[in-house]
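Have a look at the structure below, then the notes.
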Amino acid sequence: MTATVHILLVDDDPTENIILGALMRKVASYAITLHYVETVDDALGFIRASGPPLDMILMDNRLQPQADFRETVPELRRAGYIGPIGVISSSISDAYFQKIDDYGVDFRIDKAELDPTAIEFILREYVGRDVGAGI
């Protein structure tokens, strides 16, 4: 039996939802339910709704109208989300990525590095459920 996790993807490009969904279905150790919204406002609504508890949020670095994670992630934290938040970007080499802790970000990952192995590692590291727990 695999552990079940709920992940919210916040990305203004619906194609990323399709791509990440396909990658997450290849992760054998977890049953991943990927929820998807396009805006920070929608993410805030999801957090405040009485839906399934989220195990993790994956945020696109740049969402409109906000500039980047330095504006979006603090909004999620102010709304009361205390779980892990990862920022995904096509380039994580900008200097401001070195200050992710200052904005409530737990980790960053380049979109090119996202594969089933990386996703499984992230889940083991940040969700902390034992594989086979059936949670």
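Because only heavy atoms are used, hydrogens play no part in the values below, and waters and symmetry mates are left out as well, while side chains stay in. All residue numbers refer to positions in the sequence shown, counting from 1.
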Could you check if a side-chain atom of Glu71 sits within less than 4.5 angstrom of a side-chain atom of Val40, using non-hydrogen atoms only?
no
Any donor-acceptor N or O pair under 3.5 Å, side chains Thr39, Asp41:
no
Please examine the side chains of Arg62 and Ser89, heavy atoms only from C-beta on, and report whether any two atoms are closer than 4.5 Å.
no
If the condition is side-chain hydrogen bond (donor to acceptor under 3.5 Å, both in side chains), which residues does Asp12 pass it with, not counting sequence neighbours?
none
Taking side chain as C-beta onward, heavy atoms only, is Ile122 less than 4.5 Å from Leu58?
no
Do you know the tightest heavy-atom contact between Pro53 and His6?
O-CB, 3.5 Å
Contacts table for residues 16-26: side-chain donor-acceptor under 3.5 angstrom, sequence neighbours left out:
{"unit_1": "Arg25", "atom_1": "NH1", "unit_2": "Gly21", "atom_2": "O", "d": "3.3"}

Give the minimum heavy-atom separation between Glu120 and Ser29, together with the two atoms involved.
OE2-OG, 2.8 Å
Leu34 side, atom CG; Ile32 side, atom CD1 - distance, nearest 0.5 Å
8.0 Å
Mind checking whether His35 and Phe46 have parallel, tilted or perpendicular rings, split at 30° and 60°?
tilted
What distance do Leu63 atom CG and Glu75 atom CD have between them, rounded to the nearest 0.5 Å?
10.0 Å
Minimum heavy-atom separation for Pro14 and Glu38, please, with both atom names.
CG-OE2, 3.5 Å
Taking all heavy atoms of Ala43 and all of Leu76, pick out the closest pair and write down the distance.
CB-CD2, 3.9 Å
Between Ile119 and Leu114, is there a side-chain heavy-atom distance shorter than 4.5 Å?
yes
Out of curiosity, Asp55 CG to Thr33 OG1, how far, rounded to the nearest 0.5 Å?
9.0 Å
Using side chain to side chain contact (heavy atoms under 4.5 Å, CB included), reason through Ile7 and Leu123 one step at a time and then give a plain yes or no.
CA-CA 10 Å; Ile7 299 173; Leu123 291 174; 3.9 Å; yes
Stepwise, does the side chain to side chain contact (heavy atoms under 4.5 Å, CB included) test hold for Val87 with Val73?
CA-CA 9 Å; Val87 172; Val73 173; 4.3 Å; yes
Any non-hydrogen side-chain atom of Ile88 less than 4.5 Å from a side-chain atom of Leu9?
yes
When every non-hydrogen atom of Arg77 is compared with those of Gly83, the smallest separation belongs to NH1-O, 2.6 Å
Kindly write out the residues that satisfy ring-ring contact (aromatic ring centres under 6.0 Å, His included) with Tyr36, not counting sequence neighbours, or none if the list is empty.
none
If you measure from the Lys or Arg side-chain nitrogens to the Asp or Glu carboxylate oxygens, is any gap between Lys111 and Asp11 under 4.0 Å?
yes
So does Ile85 get a backbone contact from the side chain of Asp106, meaning a donor-acceptor N/O pair under 3.5 Å?
yes
Under 3.5 Å, is there a donor-acceptor pair between the side chain of Tyr81 and the main chain of Met56?
yes
Write down the atom of Leu54, the atom of Ile57, and the distance for their closest heavy-atom approach.
CD1-CG1, 4.1 Å
About how many Å separate CG of Asn61 and CD1 of Ile109, when rounded to the nearest 0.5 Å?
13.5 Å
